[in-house]
Q: 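Here it is: the structure, laid out below.
Below, read A as the first sequence line, B as the second, and so on, with proteins coming before strands; counting in each chain starts at 1. All figures in this text were calculated on a predicted structure; none of them were measured in a lab.
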Amino acid sequence: MTGYVHSFESLAAVDGDGLRYGVFLAGCPLRCAYCHNPDTWEMGAGQATEAEALARKISRYRPYFGENGGATFSGGEPLLQAEWLCEVAELLQKEGIGYVIDTSGGVPLTDAVKTLLSGAQSVLLDLKFPDEESYLRYTGRGMAQTLAVLDYLEEIGKTTRIRIVVIPEINDSEEALNAYLAHLRGKQCVSEVELLGFHTMGFHKYESLGIENKLSSTPALDPALKDRLQAFVNEQMK
Amino acid sequence: MSSWRGFKEGNWNKEIDVRDFILRNYTPYEGDASFLRGTTKRTDSVKKRVDELLIEENKKGGVLDIDTERVSSLLTYQPGYIKKGEDLILGLQTDEPLKRAVNPFAGYRNAVQACRAYGYEIGENIKNEFRYRTTHNTGVFRAYTDTMKKARHAGVLTGLPDAYARGRIIGDYRRIALYGMNYLIKEREADKRRIGEREMSNETIQLLEDCERQLEFMRQLITMAAEYGCDISRPADNAYEAVQWLYFGYLGAVKEQNGAANSIGRISSFLDIYIERDLADESIDEIGAQELIDDLVIKMRMVRHLRTPEYNDLFAGDPVWVTCSLAGMAEDGRTMVTKTCYRFLQTLYNLGASAEPNITVLWSTRLPEPFKAFCAKVSIDTDSIQYENDDVMRKDFGDDYAIACCVSAMKVGKQMQFFGARCNLAKVLLMALNGGRDELYGEQIAPEGEVFEAGKPLVYEEVLEAFKVYAAWMAKLYVNTMNVIHFMHDRYAYERLMMSLHDVEPGRLMAFGISGFSVLADSLSAIKYAKVTPVKDENGLIVDFITEGEFPKYGNDDDRVDEIAQWIAEYFYEELCKTPAYRGAKHTLSILTITSNVVYGKKTGATPDGRKKGEPFAPGANPMHGRDAEGALASLNSVAKVCYDCCQDGISNTFSITPDALGRDDEDRVKKLVAVLDGYFAQSAHHLNVNVLNRQKLIDAMNDPTLYPSLTIRVSGYAVNFNKLTKDKQLEVIARTFHEKV
């Protein structure tokens, strides 16, 4: 099968445990206002890649992976190409290489998606917003699919790191974050809730792609504020 | 013998065999760093004085003082002290700390110019002494052919040690501590008698003279130590004496020689044996043990040589390369990590980050995990250490080798090296396209050949054929030039003391080098995979290229271009081996540029890879700045493919990563750096300089040097104080690829 890859990052050390080889897949169903990779949105764009070729490429990094490392499938939305990734995952398994899925969960819970999630070392799940209205407003889609994916991860007991992007004036307060945590409390699968600060480093991509940047006047999140909010979240999730 | 009390006997009792002594007596340490201790008040007091001196030195433009009245040697100066009465390990190069000595044996004119650069004139004594004396430099230029001079002038052979001392020789200073000088002298006298039985060929006569020159300085070393109140004619009796005796050997060597690199060898686990013995009988404690190593390291940081501005252009930051090799594995499978390996690393906390000594960890994937983690932590905190692959080097050099300079392995006391700087192979390609003419000035350097046409895309096979012809011609010229240089160096600037601390007939290596490695690989790739059309100037000289289309670039783990890179090293090495080297030396090759990648770039026209005329090369075997688009590990994988078998003098790679890209917190970063090192070296890669810092920090330091006065970064096989670099080198370092979080 052929998949579509936007780009590679051979040292994606912070996207999961151990050293990770990052594969950014092309195509995303969401249109998040704060996305810093709008160049990965378009489906069927990117580099057409055979499963075997990708597995071979990832295998080159086997010496770095140790026990916890492996590939990280990110994007774009990797679950849009779940069937193809299942094929890649099978090939990787033969090499003893594991993978992490970095997803927004905004896809139907098909068999292929389930297989892919169950086989992962762990999952990074973005919770974009705490409610349906904000989801529709800032991502262009509802949140039901994401919650269904979260429920499935809970059902199979898959270690899941939740990621929340904190954007100045939109959700940079304890109250705003509390609303997110309502979906997460009591979930055994959630190992950690990680806050990511909004940054402006992807702005130039909007310009060069000619896409409207809805947050063009929003500043980057103050790192000190992020640290304070992270401490709050950690305390809440204890 | 009481000095050897408690040591296990072996072959080392029958003949000089330091390795045997170490293997029988050292204590491998597999624990963590928790036993380490901080400084004593005495260390702090001495360190404070050193810091004052360094500030003063900096204020005076980098040179505190020069003794222009005397020629540097073992007995030229009265004893010197940092703080008399407080120095634990005694001995300075001259009578005052940081005062530089004049050493004109390798080149008189260089010594004059170096003095003038700092506002000094050479004194009458030295002038008179050198009026009728031949220096190495004079000797070389008597013998150089016109072609050698032209290649040198064009900058295709550059940095050759023909006007400065060659360095890169490591005396086995441990022998002094273990055996005492009297025994070593007796042995060398016996060697001389034995050699005297041979037929009197040129080789025999040279060897006999070598022996006598060595013996003279061995006796002088005893006197030098006696002036500090120490009797090194006998073996060291305890840990303090072992450190002191060993240091006297090193000190004598740097008084006699100002070679480009004065490395100290592999001393940590040797000294550890003495420290363990003293700890066992409680004559010292851990604080005392650390104090000894701290004080030795302070002394290593005080070594200075007098250099010209041109020299500093090639080797920026005033380096001495007091390279100190730690760790590694023994051939019997035990780790050679000892507590004293940790103690040397600990000096970077106790005394602060520093470029010297050039701490080099001999990495094996089998090193104890706690030691790996401590090294990674020290790297992340100080950017002061480099790593070299023990698993690769041990096969060729055994388990008692050390690194000289940046990446040059040699068996301690059993091998020496004839250092040979490097050949600019990117320029050789341009020369091949221009029919043997220099692309900047049009001068005919190499034999005349066909000039490639302008306006017509280059055909890869044709270019490759031409390149092979010119590279082969270059290789022969290079070996012959080196033979002239080292014949003269042996004759006029021979390292008497360092060679006295080798076996009488050591193995000899002749170390050649390549610069412009990644530029050449990418240029050939561009010609092969894209469309490259030469552009000529009014004199018919190819001075630029139009490069259209995409081509694979070295640094992305792409075999299409990485195979070209591998081929370059292999081909050039094979060609070098075809011309015999002086004194039967074995040819070796490095891909290492020190900081001369900037100078080499200046002297090289535009290249087919899209690099503009005069732009810097990447350092060492690094991919070109910004072309390693698939991230850090892809870049490492490309370099790891270059084969050590044909580059036994080292393959240098400098790796800079931001803390955020490496891991989420300190603990995570340590784990991940260990994984990077293990993964890279498991693929038989050779060397890695590690910097964990943000580009912005360097930009801030460049704009305001007072912000980070001791900011140390690894450049190419060594570390420098960032503030000691010239602006263009600072800019080049800032322009290098920093692997960032995506």
Q: For atom CD of B/Glu667, is the number of surrounding heavy atoms from other residues, nucleotides or ligands below 6.0 Å larger than 12?
A: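 No, not enclosed.
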Q: Minimum heavy-atom separation for B/Asn637 to A/Tyr61, with atom names?
A: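 For B/Asn637 and A/Tyr61, the tightest heavy-atom pair comes out as ND2-CE2, 3.2 Å.
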Q: Where is the tightest heavy-atom contact between A/Tyr64 and B/Val676, given as atom of each residue plus distance?
A: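 Shortest heavy-atom separation between A/Tyr64 and B/Val676 comes out as CE2-O, 3.5 Å.
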Q: Would you call A/Lys57-B/Glu630 a salt bridge at under 4.0 Å N-O?
A: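 Salt bridge between A/Lys57 and B/Glu630, a charged N being under 4.0 Å from a carboxylate O: yes.
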Q: Hey, are the side chains of B/Gln683 and A/Arg60 touching, using non-hydrogen atoms and a 4.5 Å cut-off?
A: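 Counting from C-beta outward, B/Gln683 and A/Arg60 do come under 4.5 Å.
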Q: A quick test of your reading: do over 12 heavy atoms of other residues, nucleotides or ligands sit less than 6.0 Å from CD of B/Glu548?
A: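 Yes.
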Q: Side chain, backbone, both or neither: which part of B/Lys671 has a non-hydrogen atom closer than 4.5 Å to chain A?
A: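 For B/Lys671, there is no contact with chain A at all, as no heavy atom is under 4.5 Å.
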Q: Should we count CD of A/Glu42 as having more than 12 external heavy atoms under 6.0 Å?
A: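 Result for CD/A/Glu42: open.
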Q: Taking it one step at a time, do A/Leu11 and B/Leu636 satisfy side chain to side chain contact (heavy atoms under 4.5 Å, CB included)?
A: CA-CA 10 Å; A/Leu11 180 66; B/Leu636 294 182; over 6 Å; no
Q: Could you give the distance from CG (B/Leu662) to CG (A/Leu19), rounded to the nearest 0.5 Å?
A: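 Rounded to the nearest 0.5 Å, the CG-CG separation comes out at 8.0 Å.
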Q: Highest number of heavy-atom pairs under 4.5 Å with chain A: which of B/Ala629, B/Ala682, B/Ala634, B/Ser635?
A: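 Most heavy-atom pairs under 4.5 Å with chain A: B/Ala634.
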Q: Side chain, backbone, both or neither: which part of A/Tyr21 has a non-hydrogen atom closer than 4.5 Å to chain B?
A: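 Contact with chain B: side chain only.
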Q: May I ask you to check whether over 12 heavy atoms, not counting those of A/Glu192, lie within 6.0 Å of atom CD?
A: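 Correct, the count exceeds 12.
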Q: Shortest non-hydrogen contact from A/Ser10 to B/Gly631?
A: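 Shortest heavy-atom contact: OG-C, 3.1 Å.
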Q: Relative to chain A, which segment of B/Tyr680 carries a heavy atom at a distance below 4.5 Å: side chain, backbone, both, or neither?
A: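 Both the backbone and the side chain of B/Tyr680 come within 4.5 Å of chain A.
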